[in-house]
Protein chains: 2
Amino acid sequence: MLATDKANSGGMSVLVTNIGELTTQDGEVGTLHDAAVVVNGDRIAWIGPAAQAPAADERIDAGGRAVIPGFVDSHAHLVFAGDRAAEFAARMAGESYTGGGIRTTVAATRAASDDELTAAAGRLVAEMRRQGTTTVEIKSGYGLNVDDEKRSLRIARSLTPETTFLGAHVVPAEYLDRPDEYVALVTGPMLAAAAPYARWIDVFCERGAFDGDQTRAILTAGAEAGLELRVHTNQLTAGPGVQLAVELGAASADHCTHLSDADIDALAASDTVATLLPGAEFSTRSPYPDARRLVDAGVTVALATDCNPGSSYTSSMPFCVALAVREMGLAPAEALWAATAGGARSLRRDDIGVLRPGARADLVLLDAPTFLHLAYRPGVPLIHTVLHNGVPQ
Amino acid sequence: MLATDKANSGGMSVLVTNIGELTTQDGEVGTLHDAAVVVNGDRIAWIGPAAQAPAADERIDAGGRAVIPGFVDSHAHLVFAGDRAAEFAARMAGESYTGGGIRTTVAATRAASDDELTAAAGRLVAEMRRQGTTTVEIKSGYGLNVDDEKRSLRIARSLTPETTFLGAHVVPAEYLDRPDEYVALVTGPMLAAAAPYARWIDVFCERGAFDGDQTRAILTAGAEAGLELRVHTNQLTAGPGVQLAVELGAASADHCTHLSDADIDALAASDTVATLLPGAEFSTRSPYPDARRLVDAGVTVALATDCNPGSSYTSSMPFCVALAVREMGLAPAEALWAATAGGARSLRRDDIGVLRPGARADLVLLDAPTFLHLAYRPGVPLIHTVLHNGVPQ
């Protein structure tokens with residue numbers, strides 16, 4: 001078992017008290033002051049006024065700090081080798097981002113050993129944990145052949161239960177002139193090899209990646225294999241992906257930067273979450289999605305890092321919260337909700353992203369009197385203590 | 001002596017080796033690979049290829065990490081009480097920023113005890129240190145009467161030699177209807193009380209603060225009292241401040257967001273540094289200064305945080321580097337230069353912001369193979385080890 005996956009399985013109870021501000025994301029409780037939380041094992045057992053808190057085996061004095069649910073990062077690409085810092089610097093000097101650089105990472109990933117890939121992904125998960133992320137979704141998508149997609153998902157599964165098969169990330173170099181053969185591979189042997197290690201299937205539905213028909217074929221095959229659906233779509237251009245995601249009942253449509261009115265109407269009338277990834281717009285110097293418009297239309301919005309070596313190599317959910325406030329029109333409370341409860345919705349989980357009895361004991365003490373500081377103090381490491389599965393990290 | 005001010009006064013030598021990439025900011029040396037640095041006491045004694053490194057008392061294995069000079073944050077307001085998180089949230093909801101909120105902090109600062117102010121400022125200096133800042137300039141400016149400006153500078157001086165008298169931050173509430181009397185106070189008794197604790201004098205030359213004539217009077221009085229000059233100017237509107245700064249030989253003109261062609265020409269022909277503060281534009285949702293245009297015109301540019309509770313409560317120089325690349329058109333190497341050597345120029349220091357024999361042993365090991373990651377991995381805490389005055393922090 002990895003250090004990052006420890007659970008308080010001994011059933012020890014822990015009282016977290018002297019909390020200055022407690023944001024539960026639980027509609028019935030909301031934000032509390034002078035509150036306390038009791039953890040029992042890996043679950044929250046009790047939340048209420050500090051003066052009424054029951055006894056516990058151990059005690060954590062929050063020192064007046066704000067406490068929030070652990071961040072739920074519902075979109076990350078962590079199984080890869082190499083980095084693309086030089087490509088980033090070139091792009092910042094004016095070169096446009098086309099997504100072609102993914103193939104650079106595919107080559108490096110295929111050439112890496114299992115141990116190298118596992119160590120690199122584990123470092124990123126640990127880095128995320130230190131920044132308050134207690135649940136992370138991890139996609140494959142840099143293998144793009146049967147064996148390398150399978151091993152990517154095997155490695156991902158050692159780090160999180162939220163694993164996503166993204167064989168349809170781009171068409172790899174060796175299939176560039178026969179993309180339909182690649183779709184047949186993805187929906188056939190690659191899916192069969194990947195499915196035992198994956199909860200989700202995802203497709204990059206975009207100009208230069210997969211079109212609407214290909215996306216439909218891949219998602220339908222994934223659903224038939226028992227996987228649930230997510231879609232990368234409308235990042236660089238408008239396209240059919242959002243409405244396809246809604247039609248097929250996908251849990252999440254991710255990016256959603258270029259949307260039509262019909263796309264927004266479709267999302268608002270559905271259970272499909274719009275997962276916004278402002279780190280990608282930051283690092284590709286692209287226009288940001290209009291989160292304000294989505295929230296006002298009644299769309300459920302999540303925030304995630306899109307952590308990957310090409311277009312968004314941040315692992316910081318606090319940074320994404322600050323960008324969502326500065327650039328996407330969300331109030332700080334809306335951005336925090338999207339980064340916790342919103343991420344949980346996009347993963348169809350009700351045991352994370354919220355603090356209430358019975359939920360997982362994933363919570364973060366901030367070096368701040370209020371969660372507002374996540375946006376008010378951008379770039380500052382404000383994570384004081386992380387409890388994951390009831391265990392202080 | 002504060003923990004943050006420890007020096008390696010015992011003359012112990014330390015070899016930092018296995019450096020993957022060494023950015024010296026020293027024109028004659030540039031960027032080195034497989035380099036080593038030897039520190040002797042609080043100074044750098046030797047830089048060269050690792051294979052040729054001399055022996056030392058202690059050894060730090062950088063593990064292939066990138067090493068850079070410690071950041072020089074040449075513009076910060078750290079002596080204050082309270083915060084203004086609610087004002088920030090209101091501004092993000094559409095309220096415009098006028099600077100009037102400074103008076104809120106003045107009231108809280110005057111009401112705070114010496115111990116409270118010292119502890120709060122010390123916490124911010126320590127927070128900066130953890131983020132790689134080894135030199136910080138600290139301004140007064142939330143006292144705005146003789147006693148509170150004096151004690152603000154006394155506290156600042158306990159934390160840094162780079163202290164700045166900013167009695168002319170805004171006209172305080174009690175002088176609103178008689179600003180000329182306030183200028184007389186600033187240039188008379190307040191300056192006399194402040195000067196023993198200050199290296200610099202600064203004025204906020206801006207609509208709603210001090211006009212060109214008032215700025216000239218205050219800076220001239222400061223120079224006569226032996227202080228060197230800095231100016232806050234052209235943040236919210238174009239105005240006379242930049243050309244006044246150049247005319248009076250100020251070390252730095254800070255903000256420089258709204259500049260005329262004549263302002264840029266004046267800066268380019270002078271030794272006055274343009275200190276850009278992108279945290280302020282981020283947190284006030286304002287247009288960024290055009291750093292690219294300044295550098296191309298031959299202006300010396302510095303980056304600093306402007307850390308303050310109203311308009312820019314970041315303490316993170318890495319965040320400012322990332323913003324300078326994303327939003328202001330600097331290449332990553334230019335942004336790093338501005339955040340180290342540029343800050344040193346704005347403080348007229350040649351012993352910091354650069355790694356060469358004889359310079360202060362202020363250096364940072366990054367959790368990254370190259371400094372490019374400061375912009376490539378925005379928001380991620382990448383500071384692995386900080387040496388300040390030769391002492392690992």
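Every chain is numbered from 1, with letters handed out A, B, ... down the list of sequences.
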Counting only heavy atoms closer than 4.5 Å, note whether [X] contacts chain A via side chain, backbone, both or neither.
X: A93(B); value: neither
X: P318(B); value: neither
X: A322(B); value: both
X: A375(B); value: both
X: P309(B); value: both
X: F319(B); value: side chain

Worksheet item: Which of these passes ring-ring contact (aromatic ring centres under 6.0 Å, His included) with Y313(A): F282(A), F88(A), F80(A)?
Response: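 One option only clears the test, and that one is F80(A).
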Item to complete: State plainly whether the residues R129(B) and E127(B) are in salt-bridge range, i.e. N to O under 4.0 Å.
Response: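 A salt bridge is absent here (no side-chain N lies under 4.0 Å from a carboxylate O).
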Is it the backbone or the side chain of [X] that comes under 4.5 Å from a heavy atom of chain B, or both, or neither?
X: S315(A); result: both
X: A85(A); result: both
X: L124(A); result: side chain

Practice prompt. Pick whichever of T370(A), V325(A), L330(A) has the most heavy-atom pairs under 4.5 Å with chain B.
Written response: V325(A)
Worksheet item: With chain B, which of M128(A), R292(A), M92(A), M317(A) has the greatest number of heavy-atom pairs at distances under 4.5 Å?
Response: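 Among M128(A), R292(A), M92(A), M317(A), the one with the most close pairs to chain B is M92(A).
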Does any donor atom in the side chain of [X] or [Y] lie under 3.5 Å from an acceptor atom in the other side chain?
X: R84(A); Y: T104(A); answer: no
X: T257(B); Y: Q235(B); answer: no
X: D367(B); Y: H373(B); answer: no

Practice prompt. Using a 4.5 Å cut-off on heavy atoms from C-beta on, say whether the side chain of V79(A) contacts that of I138(A).
Written response: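 They are in side-chain contact.
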Fill in: Smallest separation among heavy atoms of C320(A) and T314(A), with atom names
SG-CG2, 4.5 Å
Discussion item. Apply side chain to side chain donor-acceptor pair (under 3.5 Å) to residues D73(B) and T305(B) and explain how you reach the verdict.
Written reply: CA-CA 6 Å; D73(B) 188 350; T305(B) 61; 2.7 Å; yes
